[in-house]
Number of protein chains: 2
Amino acid sequence: MKHLIAGLRAEGRRLTRPRKAILDVLEKSKYPLSAADVHARLKREQVAVDLVTVYRTLGVLKELGLVAQVELGEGQFRYETRHGREHHHHIRCRGCGRIADLMLCPLKKLTALVERETRFTVEEHSLEFFGWCPKCR
Amino acid sequence: MKHLIAGLRAEGRRLTRPRKAILDVLEKSKYPLSAADVHARLKREQVAVDLVTVYRTLGVLKELGLVAQVELGEGQFRYETRHGREHHHHIRCRGCGRIADLMLCPLKKLTALVERETRFTVEEHSLEFFGWCPKCR
DNA sequence: TCTTAATTGCAACTCGTTTGCATGTATCAC
DNA sequence: GTGATACATGCAAACGAGTTGCAATTAAGA
Ligand SMILES: [Mn+2]
Ligand SMILES: [Mn+2]
Ligand SMILES: [Zn+2]
Ligand SMILES: [Zn+2]
């Protein structure tokens, strides 16, 4: 929560109940959540927050660098907290949709190569795996 | 076009003008196209095909394994032909949206590791880079 | 406590994608 | 070639994720 307050302050933004609650939901989740997921979990916890506010808050948290946006071939975005978590990637089951973390990243060296080859400046990358979990195989 | 015919036949599907035209558009493009892109290019070539048909055809071509679906953080899908092209990845500029191919894949070894660690069977992966191209830097 | 700008909720909207259904046509048996 | 038939298409409507406008609310600082 410390990071949240600092980040908000730095931009003249405010610490509100929805923002705390949304970050809290993300920190408790073991896998990245969609806006609708976050909204559903807030409702379950009796925290009344509009879905629009969830979207706006996820945007703010992303800008502040507190959450990462993840795309897993679903036609929607998911979000996960970055606080206290290493940079990592995911694998998603084509059967049940289960998502697991992959606490690894083989791309440090490759990034330099990509920058040399393309003349782009690399700012970020996404690496996701898709397959079948043991139950769905 | 040979592959297309074979693929369609194998499933009791038909070879139609829209399907040929759409595959043709994809084969001519140097970067992956959205459904709307494909539709616009068809119109420019005076080929009258409904956008819905573009979506349905892209779905069929994907099922047949003739095109790959790519997600580049835009909130939409892009498609590119797989015919005669090696498995590869992309980099997209955060300024102008330019997309370049990265004709490389460092993930053969890693896939085996991922399968061992997660007990998933890996079927596919996505690896995309985001950054700034020389003009936008 | 008061002021003010940031934030929220609600409704309406945009945009990418999908679905239902009547019409059109590629394919195949004759 | 003709006809029968299942597959494909176009159009309209629906859907779902995400965005925007605006009036009402509230956090933050004086
Ligand atoms: Mn994760
Ligand atoms: Mn490509
Ligand atoms: Zn990485
Ligand atoms: Zn690869």
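In this text, all values refer to a predicted model and were calculated from it rather than measured experimentally. Just so it is clear, the values below take in all heavy atoms, side chains as well, and ignore hydrogens, waters and symmetry mates. The sequence lines fix the lettering, A, B, ..., with proteins before strands; numbering per chain opens at 1.
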**OP:** For A:Leu15, answer base if it contacts any base atom (sugar-phosphate contacts may also be present), sugar-phosphate if it contacts only those atoms, and nothing otherwise; contact means non-hydrogen atoms under 4.0 Å.
**Re:** sugar-phosphate
**OP:** Could you check which of C:dT17, D:dG18, D:dG29 has an atom nearest any side-chain atom of A:Phe77?
**Re:** D:dG18
**OP:** Round to a whole Å and report the spacing from CG of B:Asp50 to P of C:dT19.
**Re:** 16 Å
Original post:
Under 4.0 Å between a side-chain N or O of A:Thr16 and OP1 or OP2 of C:dA6?
Top reply: no
Subject >> Distance in angstrom units between A:Lys20 NZ and C:dT7 P, rounded >> reply: 14 Å
Subject >> Residue whose nearest DNA chain C nucleotide is more 5′ - B:Arg9 or B:Ala35 >> reply: B:Ala35
**OP:** Look at the side chain of B:Val49 and decide which nucleotide, out of C:dT17, C:dT27, D:dG10, has an atom nearest to it.
**Re:** D:dG10
Original post:
Where the side chain of A:Asp101 meets the backbone of A:Met103, is there a donor-acceptor pair that is under 3.5 Å apart?
Top reply: no
Original post:
Could one point to a donor on the side chain of A:Arg56 or the base of C:dG9 with an acceptor on the other under 3.5 Å away?
Top reply: yes
Subject >> No-hydrogen, no-angle side-chain donor-acceptor test under 3.5 Å, A:Ser34 and A:Asp37 >> reply: yes
**OP:** Compare side-chain N and O positions of B:Tyr55 against OP1 and OP2 of C:dT18 and report whether any pair is under 4.0 Å apart.
**Re:** no
Subject >> Neighbour count above 12 (heavy atom, 6.0 Å) for A:Arg119 CZ >> reply: no
Subject >> Atom-pair distance (CG on B:Leu51; P on C:dT18), nearest Å >> reply: 11 Å
Original post:
With a 4.0 Å cut-off on heavy atoms, is B:Arg14 in touch with a base, just the backbone sugar-phosphate, or nothing at all?
Top reply: base
Original post:
Separation of B:Glu74 atom CD from D:dT19 atom P, in whole Å?
Top reply: 14 Å
